[in-house]
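Order of the sequence lines sets the chain letters (A, B, ...), proteins ahead of strands, with each chain counted from 1.
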Amino acid sequence: MSEYLNQLSESQRQAVEYIDGASLVVAGAGSGKTRVLTYKIAYLLEHGIAPYSILALTFTNKAAREMKSRIAQIVGESEVRRLWMGTFHSIFSRILRRESETIGYSSDFTIYDAQDSKNLIKTIIKEKALDEKLYKPAQIQAQISKVKNALITPELYVQDRELSEYDQLMNRPRTAEIYANYWERCKTAGVMDFDDLLLYTYILFNKHQDIVERYRNMFRFILVDEYQDTNHVQHEIVRQLAAEHQRVCVVGDDAQSIYSFRGANIGNILNFQKIFPETRLFKLEQNYRSTQTIVNAANSLIKKNLKQIPKTIYSKKSVGEKIPIITAYSDFEEGYIVASRIAEMRMLNNYAYSDFAILYRTNAQSRIFEESLRKINIPYRIYGGLSFYQRKEIKDIVSYMRLITNPKDEEALKRIINYPTRGIGDTTVAKIAAAANLHHVSLWQVASNPIAYNLNINSGTAKKLAAFCGMIQSLIDTAHTQDAYELGIAIIKETDFKTELYEDKTPEGLSRVQNIEELLNSLQAFVLARREEGDPNILLGDFLAEISLMTDADTDDAENANRVTMMTIHSAKGLEFKNVFVVGMEEDLFPSEYMSMHPAEIEEERRLFYVAITRAEENAILTYSKSRFRNGQTQTCRPSRFLADIDESFLKGAKPKTERYGEPVAPHTFKILSAPNVSPAKAVSTSSETSSGLSVGDRVRHHRFGVGEVLSLSGADENAKAEVMFDHFGVKNMLLHYAKLEPITP
DNA sequence: GAAGCCCACATTTTT
DNA sequence: TGTGGGCTTC
């Protein structure tokens with residue numbers, strides 16, 4: 001029965017078999033992390049833990065799906081179906097739907113994607129007649145997301161001194177107001193954004209002892225994948241559920257933490273043992289993916305980071321090829337070199353096209369490779385860009401579905417109230433929104449009862465509005481008697497989508513029609529699959545709940561099988577290829593120019609490079625160009641400092657000369673048991689103190705940039721300079737002679 | 001509401 | 001460079 005345990009290495013087996021308390025599995029790149037997770041779940045099931053009492057959280061649907069199918073092979077399909085296994089967002093939305101009343105929502109709430117959120121924020125800014133230059137919707141959105149992840153509700157926001165100081169500093173004091181309105185509008189609309197799914201779960205558990213108890217008792221064992229990528233709320237929810245019984249196993253690799261810009265907190269994994277003091281630590285240090293050279297090169301690179309859990313990753317595979325660093329004179333030549341290398345390697349070693357990947361830091365770099373590959377007829381596939389569910393025609397149909405499921409959904413209504421065109425323009429919508437805001441009701445409420453809300457519209461418009469609402473209402477009325485697929489067909493029919501789109505015979509038009517058909521196909525497949533599982537009546541809301549949390553990574557297509565893969569390094573995490581080209585190894589590109597000199601940010605970029613290299617099984621090839629066409633002009637480029645971080649013995653030929661950068665002195669590892677707070681490591685400085693009386697590490701205040709920390713000091717007297725990391729403005733170099741820095745005592 | 005023009009802008013994005 | 005958003009114009 002436990003025969004599968006023999007397929008595990010000793011350290012993997014130990015990690016699998018420890019089920020009595022908290023454990024942290026530090027799983028290096030290619031160390032068989034998924035294998036441990038899947039076998040551990042199988043092991044738990046075998047030891048009498050019921051499937052419904054296992055909670056297993058992942059970040060992507062893909063990861064959840066893959067794990068499910070692997071567990072199914074061991075324990076069978078029916079068991080797997082009863083596991084609470086899925087992404088944080090999907091599992092929590094399930095819980096929230098069950099408990100929706102407690103938090104003042106209906107179980108039919110719909111979900112705003114990032115675009116919807118941004119649109120709403122933009123609307124609010126416009127309604128308040130604020131300057132969009134100052135109140136940039138994207139920035140406000142990012143800030144709202146950030147504070148939600150930090151468990152800060154609008155009520156807490158206004159009380160938060162630091163936040164209001166920051167908003168003052170940024171010249172947008174009314175951010176709190178926007179946030180409050182956004183929050184309320186979502187509530188009135190019966191919608192949640194992605195962050196809400198986490199935050200409301202936290203609030204639910206925090207405010208209702210009985211409910212959290214229930215889930216604590218239900219989830220007798222909790223597993224979390226990619227723990228290094230969890231943000232604050234996610235971490236806190238795991239804590240809420242696991243703190244009592246402590247049966248929690250988190251798996252991750254601090255060296256692969258690359259999502260801090262999305263709120264991921266590497267401290268969650270570094271400090272895990274502090275929160276669960278009984279934690280058993282397991283390290284998976286054998287890499288089964290890459291050659292020794294690749295593993296060792298990656299090790300030598302990551303050693304340059306200060307903050308990390310000590311571990312020694314090794315490979316028992318062949319030594320393999322050394323890593324070439326190829327210099328190109330232009331980005332154009334870089335493309336040419338990579339394309340011809342691929343052709344050459346394919347000929348010499350019989351590789352398939354799919355054995356190659358080109359990884360870059362920014363999507364903009366893909367173009368040139370696209371051209372160079374196309375020129376010599378190499379098939380490729382580019383990841384990134386618009387996902388299926390973000391396409392206009394799909395969002396349009398989905399908006400109808402959302403509106404029928406939850407007519408209060410503001411963004412859904414706005415999107416389709418005049419699409420296909422039915423003479424209800426922006427002015428009317430603005431009037432509806434104004435009345436809705438005034439009475440704290442949904443737009444739908446006003447639109448379907450214009451008289452009750454004294455809506456000032458002419459009779460023609462009123463008629464059109466009534467026709468629209470009537471159509472939606474009749475679809476709502478049939479929603480309970482039809483299954484989701486039938487309803488989907490009805491939507492297309494009723495809304496004149498056919499005439500709108502099916503007439504369009506341009507290639508774009510045809511592809512739009514195809515996309516819609518694809519959506520309907522997947523709807524049909526969904527209904528059939530659910531029915532097979534014994535669910536008799538599948539409603540549209542069920543389908544929506546599922547697809548609202550899907551991304552493009554979830555729609556894999558078999559047709560594109562044998563192609564060279566092009567993607568950003570971020571999206572390559574978790575994947576592997578025989579041969580990997582990491583291109584654009586240049587300063588200001590990788591590490592990104594947007595990263596300040598702050599050591600923590602450079603470390604994250606270095607981890608990104610680590611992720612890139614460790615994708616390769618057989619060959620990693622690094623390229624950089626001496627010049628590059630960017631933002632409308634040709635720039636000269638210097639080779640990336642990261643090239644100098646790799647030990648020369650793993651490289652083919654000599655390293656290019658890189659400048660020295662003020663960075664960590666001696667690499668030392670992070671003691672995790674006594675893990676202190678994750679304060680940024682201090683940079684090296686040329687002198688620690690100057691005549692200014694300041695010293696490195698001091699907190700200072702600047703009249704424009706607010707507070708910050710002195711990173712380094714240089715020069716003397718009137719040339720004395722300080723490098724300061726401001727809390728909200730990044731690193732600035734300033735002449736002390738001009739910049740008045742006041743030291744602040746903590 | 002489509003088309004055309006001008007201006008600003010230029011990372012990474014699991015949900 | 002090239003794209004996307006906002007604006008005007010027909």
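Across the protein-nucleic acid pair, A/Q633 atom CD and B/dA10 atom P stand 14 Å apart, rounded to whole Å. For the pair A/N268 CG and B/dT14 P, the computed distance is 20 Å after rounding to whole Å. Protein atom CD of A/E132 is 8 Å distant from nucleotide atom P of C/dC7, rounded to whole Å. Put simply, CG on A/L57 is 14 Å from P on B/dT15, counting in whole angstrom units. Between the CG atom of A/N149 and the P atom of B/dT13 there is a distance of 18 Å, rounded to whole Å. Separating the NZ atom of A/K136 from the C1' atom of C/dG5 is a distance of 14 Å, rounded to the nearest angstrom. Protein atom CZ of A/F590 is 13 Å distant from nucleotide atom P of B/dT12, rounded to whole Å. The separation between A/Y389 atom OH and B/dT13 atom C1' is 18 Å, rounded to whole Å.
Nucleotides B/dT12 and C/dG5 are separated by 23 Å at their C1' atoms, to the nearest Å. Taking the C1' atom of each, B/dT14 and C/dT3 are spaced 26 Å apart, rounded to whole Å.
Side-chain polar atoms of A/S640 and A/E586 form no donor-acceptor pair below 3.5 angstrom.
Regarding contacts with the backbone of C/dT1, every side-chain N or O of A/R367 stays at 4.0 angstrom or more from both OP1 and OP2. Considering only side-chain N and O atoms, A/S571 lies under 4.0 angstrom from the phosphate OP1 or OP2 of B/dT13. The side chain of A/N363 places an N or O atom within less than 4.0 Å of a non-bridging phosphate oxygen (OP1 or OP2) of B/dT12. Dashed line: the shortest gap from a side-chain N or O of A/K133 to OP1 or OP2 of B/dC7 is not under 4.0 Å. Residue A/N61 places no side-chain N or O under 4.0 Å from the OP1 or OP2 atom of B/dT14. Residue A/N631 has no polar side-chain atom (N or O) positioned under 4.0 Å from OP1 or OP2 of C/dG2.
Heavy-atom contacts from other residues, nucleotides or ligands closer than 6.0 Å to NZ of A/K392 number more than 12. Within 6.0 Å of atom OH in A/Y336, 12 or fewer heavy atoms from other residues, nucleotides or ligands are found, so the atom counts as exposed in its surroundings. Surrounding NZ of A/K187 are more than 12 heavy atoms belonging to other residues, nucleotides or ligands, all under 6.0 Å away.
Contacts of A/R630 with the nucleic acid, taken as non-hydrogen atoms under 4.0 Å apart, are absent. Residue-level contact check: A/Y259 touches the bases, meaning some heavy atom is under 4.0 Å from a base atom.
Within 3.5 Å, no donor on the side chain of A/R262 pairs with an acceptor on the base of B/dT12, nor the reverse.
Each of A/E605 and A/T87 lies near DNA chain B, and the nucleotide nearest A/E605 is the one positioned closer to the 5' end. Of the two residues near DNA chain B, A/L197 and A/S592, the one whose nearest nucleotide lies more 5' is A/S592.
With distances taken from any side-chain atom of A/L549 to the nucleotides B/dT15, C/dT1, B/dT11, the minimum falls on B/dT15. The side chain of A/Y594 lies closest to B/dA10, out of B/dA10, B/dT12, B/dT14. When distances are taken from the side chain of A/H89 to each of B/dT15, B/dT14, B/dT11, the shortest belongs to B/dT15. Minimum atom distance to the side chain of A/F194 is reached by B/dT15, of the listed C/dG5, B/dT12, B/dT15.
Ring-to-base geometry places A/F261 in a stacked arrangement with B/dT12 (centre distance under 5.5 Å, plane angle under 30°).
With A/F109 as the aromatic partner, A/R97 meets the cation-pi criteria of under 6.0 angstrom to the ring centre and within 45 degrees of the ring axis. Judged by the 6.0 Å distance and 45° axis criteria, A/R381 is positioned over the aromatic ring of A/Y383.
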